[in-house]
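Computed from heavy atoms alone, side chains included, the values below leave out hydrogens, waters and symmetry copies.
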Amino acid sequence: MPPPRTREGRDYRFYHRAPSGEQAQEKWDWNCPKARGLLEDAFFRDEDYIRQGSEDCQKFWTFFERLQRFQNLKPSRKEEKEPRRCKHRIPALADLPRTYDPRHRINLSLLGPDLRGSWGLPPERVSEFRWALLHYLDFGQKQAFGRLAKLQRERAMLPIAQYGSRILQTLTEHQVVVVAGDTGCGKSTQVPQCLLAAGLSRVACTQPRRIACISLAKRVGLESLSQYGSQVGYQIRFESTRSAATKIVFLTVGLLLRQIQREPSLPQYQVLIVDEVHERHLHNDFLLGVLRCLLPRRPDLKVILMSATINISLFSSYFDHAPVVQVPGRLFPITMKSMSVGDPRTFPFIEPPPPASLETAILYLRDQGALDSSEALTPIGALLAQLPVDVVIGKMLILGAMFSLAEPVLTIAAALSVQSPFTRSAQNNLDCVSTRRPLESDQGDPFTLFNVFNAWVQVKAERGRNSRKWCRRRGIEEHRLYEMANLRRQFKELLEDHGLLTGVQAVPTGDSSSRLQQRRERQALQQLKRQHEEGAGRRRKVLRLQEDLAGCSSDEERGGPGSRGASDSVDIQDVTFKLRHNLNQLQAAASLAQDLTRDQLVLLKLVLGRGLYPQLAVPDAFNSGRKDSDQIFHTQAKQGTVLHPTCVFASSPEVLHIQEQEAAGCEGSRDDKDKMSSKHQLLTFVSLLETNKPYLVNCVRIPALQSLLLFSRSLDTNGDCSRLVADSWLELKLTDSESAVQLLAASLRLRTHWEDALDQQLSHQAWRQRQRQEEEEEEEEEEKTLSVSHQEVAALSKELLQFMATKVPYSLRRLTSLEAQNLYLGPQTITAAPSVPGLFGNFTLSPHPTKGGYIVTDFLTYNCLTSDTDLYSDCLRTFWTCPYCGLHLPLTPLERIAHENTCSEVPRDNATGAEEAPAPLQKASALQRPYHCETCHKDFLFTPTEVLRHRRQHM
């Protein structure tokens with residue numbers, strides 16, 4: 001209906017007493033909080049579509065203000081335009097019209113209380129508000145239509161979209177069809193939907209990994225408009241969303257084999273889709289053999305084999321030359337595949353991907369340590385290729401198992417794999433914030449999530465405590481904690497399956513009466529689950545917005561599902577959780593996690609830092625003078641990022657600032673970039689979320705110097721190693737060159753030791769898997785290998801802890817783009833390597849072809865940085881005493897190096913030379929170049945003046 005006319009030129013104010021109708025019209029103000037509050041009390045109740053205080057409530061008022069401004073514009077009829085017509089004719093998705101039309105919308109009506117009486121709301125204003133609310137709901141439908149139309153366009157752009165009818169026709173004429181297409185062409189999501197649209201209702205689609213079953217079921221459910229229905233489900237070990245109404249089910253190959261064992265003819269299926277059939281492993285090959293024997297007995301059963309474009313003829317000939325429907329092209333990119341295809345740049349793709357995409361993928365894998373400098377798979381990369389998880393999560397799991405930190409790493413990895421459990425509205429609720437504060441960790445967000453999960457498990461284990469109330473008081477969405485528990489279990493099974501973690505068998509505890517009580521409790525839980533599935537589980541689910549958290553400071557339940565009947569009072573998530581997980585084991589792990597020692601905490605941060613590298617952010621130099629909400633951080637690729645509002649450092653950024661008593665060299669300045677301190681910190685983060693601002697999500701603070709020395713993929717130095725540049729964007733300066741040399745040498749030893757220990761651990765894991773496969777395990781030899789590995793890991797842990805405890809003053813800053821362009825000396829004409837005994841151990845130095853300086857390892861380049869030190873300062877002589885021969889002379893820094901290299905009193909038979917600190921080097925000059933003396937047959941780093949001086953010594 002048209003909006004009621006309003007008077008112009010009046011200053012309407014809300015009348016605070018019960019006014020008459022005319023007074024209310026004259027005094028009305030839409031922006032008055034009391035007026036809005038009365039309208040929300042009337043229209044935004046708990047049982048209404050929009051609830052008071054919710055995010056939708058805020059969106060409505062924003063929409064209402066824009067609607068008021070639009071009405072004031074009063075456009076003429078000539079300016080009114082007809083609805084735009086769709087330019088492209090795309091087949092409708094699930095009977096979706098091509099353009100939005102109000103005739104297709106859901107008819108809505110607003111039911112509100114009787115506003116006559118003591119409400120004090122003018123009828124015309126109520127009518128105007130009701131009209132605006134209906135327009136808002138219609139606007140929401142139009143937005144939802146736009147999202148569906150976008151989804152329809154995306155589906156139509158997939159390479160598989162043009163082959164749907166051909167696949168159905170071929171399947172009608174043959175019992176087996178092979179669908180071949182590159183990963184990313186859309187076959188895994190679109191082929192099941194084609195079958196569903198054709199009227200087939202008993203479809204099973206196998207996947208080699210459980211995570212793929214879950215993600216594909218959710219995606220297909222979304223695209224088929226049954227996201228909240230039961231037509232599409234998944235079934236994996238210990239978890240199932242399948243019901244009697246399910247028409248398409250995604251399940252693992254192993255689970256289908258177990259179903260065949262129970263029912264060899266598979267009567268419950270019309271069509272079987274075997275996806276990723278090109279991944280040759282025992283389960284898939286065995287399934288194909290069983291199906292080949294089954295098909296003659298089930299002529300009504302149809303089979304679709306979906307494969308990448310590898311060995312297509314093999315699968316076709318195996319099933320009596322089954323027809324092949326080949327889909328060219330790819331729309332979506334891969335993550336990572338290890339298929340032994342050699343250099344991907346020269347691989348004969350049907351439609352080669354853009355070269356830039358290949359280079360970006362290879363660079364990402366090199367940064368993650370999955371590929372070495374020659375682009376071959378590293379040991380950790382080979383294992384990551386086998387784990388069906390994100391590369392970052394996989395690295396954390398592997399390193400956590402290596403340092404015997406599997407239990408805390410499992411929890412943190414699971415927490416970082418789900419959405420944040422903290423509700424947005426709780427950020428503005430002081431009661432929720434104060435109640436949650438004891439769980440917050442000043443080490444970073446993953447540790448806060450770690451504390452929340454462990455505390456929640458303890459609440460679950462205590463009888464009589466309501467975990468739902470506990471979560472509500474702290475502004476926590478409990479469903480996310482259930483997701484963490486499920487993922488934690490899956491990650492643990494992955495580590496056990498790959499030999500990285502020894503499975504722990506549940507040992508019955510307590511006497512016979514307690515065990516009997518546990519069995520009875522489990523039977524009662526199973527009975528509750530069956531009752532829920534038979535009764536409430538079949539009811540139509542009504543989507544409800546998240547409950548307002550205004551009452552989270554109270555333990556009293558708000559009126560909700562729990563008070564509507566006995567059948568609805570059962571928390572099915574709690575029942576499923578207790579049936580699926582061993583609560584005693586989870587409680588024991590949570591109790592141990594609360595008692596982590598300081599050393600374990602340091603090692604845990606190292607595991608997270610190496611797992612998340614190279615996702616680093618450096619604090620802005622002026623953060624100490626900014627308020628909390630204005631803190632700025634810079635990543636290598638993005639400047640000016642800020643902390644996400646849910647980040648623990650957003651409310652307490654002072655833990656990231658350099659304390660004044662620790663800083664030196666810049667008194668009275670707000671700029672931290674030149675301050676010398678041993679407590680500079682970096683943030684390592686899980687993701688960068690770009691909305692209205694670029695937000696850093698899930699951050700951990702780590703010490704800057706030690707972390708960069710251990711994790712950097714590129715580390716460059718000057719002559720005396722007092723200036724370091726990590727990954728060509730972070731500069732560190734140390735005043736003490738001797739400390740700089742000692743730290744650099746220690747980091748080289750640690751990185752070598754760490755990689756060797758990791759390779760040994762992964763080699764041992766691979767050996768154990770081969771032994772299990774061959775069933776020829778030799779227990780004595782296995783125990784011996786394990787003990788050696790544990791000893792090496794213990795020694796490595798001790799060295800890492802000592803290294804992290806080192807305190808050396810240094811400055812930290814981000815290089816500008818101009819400085820990064822003029823960072824290196826460039827190629828040198830003289831390629832003779834300098835003699836720097838003791839610094840780099842047994843590493844052989846070779847000239848770097850582009851940076852200048854000398855290559856020490858695949859990540860370290862020595863003396864390649866330009867210097868702003870002038871010739872005069874390099875030639876200044878100061879008195880110095882040789883610690884070996886007692887010579888006391890005024891020498892330049894480089895003359896000291898030359899004397900120490902040639903001093904006859906230096907002990908040459910030092911057996912522990914590699915372990916002792918090398919002699920300190922002094923600062924180098926930009927004019928310094930390698931020089932080989934033909935008279936004494938030695939190599940030096942000299943300026944032109946020093947070359948002349950050295951030649952005069954031989955005259």
Rounded to the nearest 0.5 angstrom, the CD1-NE2 distance for Ile702 and His680 is 14.5 Å
Say you draw a straight line from OG of Ser677 to CG of Leu705; how long is it, rounded to the nearest 0.5 Å?
11.0 Å
Please check if the side chain of [X] supplies one atom and the backbone of [Y] the other of a donor-acceptor pair under 3.5 Å.
X: Thr684; Y: Gly609; answer: no
X: Thr857; Y: Phe859; answer: yes
X: Asn698; Y: Leu416; answer: no
X: Lys395; Y: Gln368; answer: yes
X: His644; Y: Cys647; answer: no
X: Gln681; Y: Val655; answer: yes
X: Gln631; Y: Lys627; answer: yes
X: Ser722; Y: Asn718; answer: no

Evaluate Asp716 against Arg723 for salt bridge (charged side-chain N to carboxylate O under 4.0 Å, His left out), listing each step before the verdict.
CA-CA 8 Å; Asp716 306 309; Arg723 179 176 178 235; over 6 Å; no
Salt bridge present between [X] and [Y] (N-O < 4.0 angstrom):
X: Arg814; Y: Asp620; result: no
X: Arg713; Y: Asp727; result: no
X: Arg610; Y: Glu755; result: yes
X: Asp442; Y: Arg701; result: yes
X: Glu819; Y: Arg813; result: yes

Is there a side-chain contact between Ser441 and Phe450 in this structure, where contact means two heavy atoms from C-beta onward sitting under 4.5 Å apart?
no
I want to check a possible cation-pi pair here: Arg749 against Trp754, using under 6.0 Å from ring centre and within 45° of the ring axis as the test.
no
Would a line drawn from the ring center of Tyr854 to the ring center of His848 be shorter than 6.0 Å?
no
List the atom of Leu399, the atom of Gly611, and the distance in Å for their closest heavy-atom pair.
CD1-N, 4.5 Å
